[in-house]
Amino acid sequence: MNKNNHVIILVSGGLDSTTVLAISKEKREKVHALSFDYGQRHAIELESAKKVADYYKVPHQIVKIDLRQIGGSALTDDIAVPKDRSITEMSGTIPITYVPGRNTIFLSFAMAFAEITSSQAIYIGANILDYSGYPDCRPDYLKTFEEMANLALDTKGKNNPPLEIRAPLLYMTKGEIVKKGKELGIPYHLTHSCYDPLPVGLSCGRCDSCLLRKKGFAEAETKDPLFYAE
């Protein structure tokens with residue numbers, strides 16, 4: 001059986017990863033969705049990830065790890081999430097919402113899962129245009145991880161092609177991402193983007209992630225189906 005159209009997709013339940021999942025489904029790839037319960041303060045995103053996976057009828061696995069033991073991020077530590085920042089401020093320095101090593105940890109789990117499922121690629125919703133300055137979203141990082149992964153995996157022994165790290169949204173603005181999602185009929189009402197949701201689950205509307213999301217929908221001239229606290 002040829003399994004070379006199997007892929008692993010990192011699914012957070014957010015706008016970007018859901019768009020990536022829809023892009024893969026359009027290509028009729030056999031998707032394995034992978035999410036992480038890593039001690040994030042916005043763990044409600046996992047409910048959205050499950051809803052998205054159920055909507056697209058793809059197998060979904062949630063891996064539990066505890067990055068709170070490392071801390072150092074507003075998402076995993078008792079540190080305030082920045083609010084009301086301009087786009088310039090977001091891209092000026094690495095923000096405190098950056099979780100040290102997160103993408104490397106996630107991609108490493110996905111790499112192992114890819115070997116077990118004989119998957120040809122790992123998809124990630126990384127972006128370098130409208131993003132919060134995270135160093136592990138850069139093209140050279142993703143390329144280097146791909147090279148490392150193929151040194152670590154037994155692809156040749158299993159007669160599989162080299163593993164690819166795919167980031168189809170890498171050079172797209174948030175507006176372009178929303179437009180693409182609209183073309184694909186993405187159920188954005190199932191998604192969650194907020195870093196600091198209210199106890200009832202309502203998005204704050206003021207963190208970097210909420211502001212970038214709202215920017216994207218405004219640029220795409222499309223109504224965001226989510227409600228915000230303000």
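For this chain, numbers begin at 1 and follow the sequence in order. Since the model is a prediction, treat every value here as computed from it, not as a measurement.
Sequence neighbours left out, the pairs with a member in residues 195-204 that pass salt bridge (charged side-chain N to carboxylate O under 4.0 Å, His left out) are R41-D196, K83-D196.
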Checklist entry - Passes side-chain contact (heavy atoms from CB on, under 4.5 Å), V99 versus L67? Steps please. => result CA-CA 8 Å; V99 180; L67 297 185; 3.8 Å; yes
Checklist entry - Could you go step by step and tell me if Y55 and T18 meet the side-chain hydrogen bond (donor to acceptor under 3.5 Å, both in side chains) rule? => result CA-CA 11 Å; Y55 178 88; T18 301; over 6 Å; no
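A search for side chain to side chain donor-acceptor pair (under 3.5 Å) contacts involving S24 returns E29, not counting sequence neighbours. Remark: D77 pairs with no residue by the side chain to side chain donor-acceptor pair (under 3.5 Å) rule, at least two apart or across chains. Scanning for ring-ring contact (aromatic ring centres under 6.0 Å, His included) contacts around Y141 gives an empty result, with sequence neighbours left out. The salt bridge (charged side-chain N to carboxylate O under 4.0 Å, His left out) check on K143 picks up E146, with sequence neighbours excluded. Listed by chain and number, the residues in a side chain to side chain contact (heavy atoms under 4.5 Å, CB included) with E89 are R85, S86 (sequence neighbours excluded). For the ring-ring contact (aromatic ring centres under 6.0 Å, His included) test, residues two or more places apart in sequence or in another chain that qualify with F36 are F106, F109. The salt bridge (charged side-chain N to carboxylate O under 4.0 Å, His left out) search around D84 returns R206, not counting sequence neighbours. Among residues two or more places apart in sequence or in another chain, the ring-ring contact (aromatic ring centres under 6.0 Å, His included) test is passed with H42 by Y195. Every residue meeting the side chain to side chain donor-acceptor pair (under 3.5 Å) condition with D224, not counting sequence neighbours, appears here in chain and number order: R213, Y228. With sequence neighbours left out, the side chain to side chain donor-acceptor pair (under 3.5 Å) criterion links D66 to R68.
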For residues 175-190, which side-chain donor-acceptor pairs fall under 3.5 Å, sequence neighbours excluded?
from, atom 1, to, atom 2, distance (Å)
E176, OE1, T173, N, 2.9
Y188, OH, T19, OG1, 2.9

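Between P95 and M90, every side-chain heavy-atom pair lies at or beyond the 4.5 Å cut-off. The shortest side-chain heavy-atom distance between V31 and Y56 does not fall under the 4.5 Å cut-off. Within the 4.5 Å cutoff, the side chain of S17 has no heavy atoms near those of the I9 side chain.
When only modelled atom types and interatomic distance are considered, E164 and Q120 share no side-chain donor-acceptor pair under 3.5 Å.
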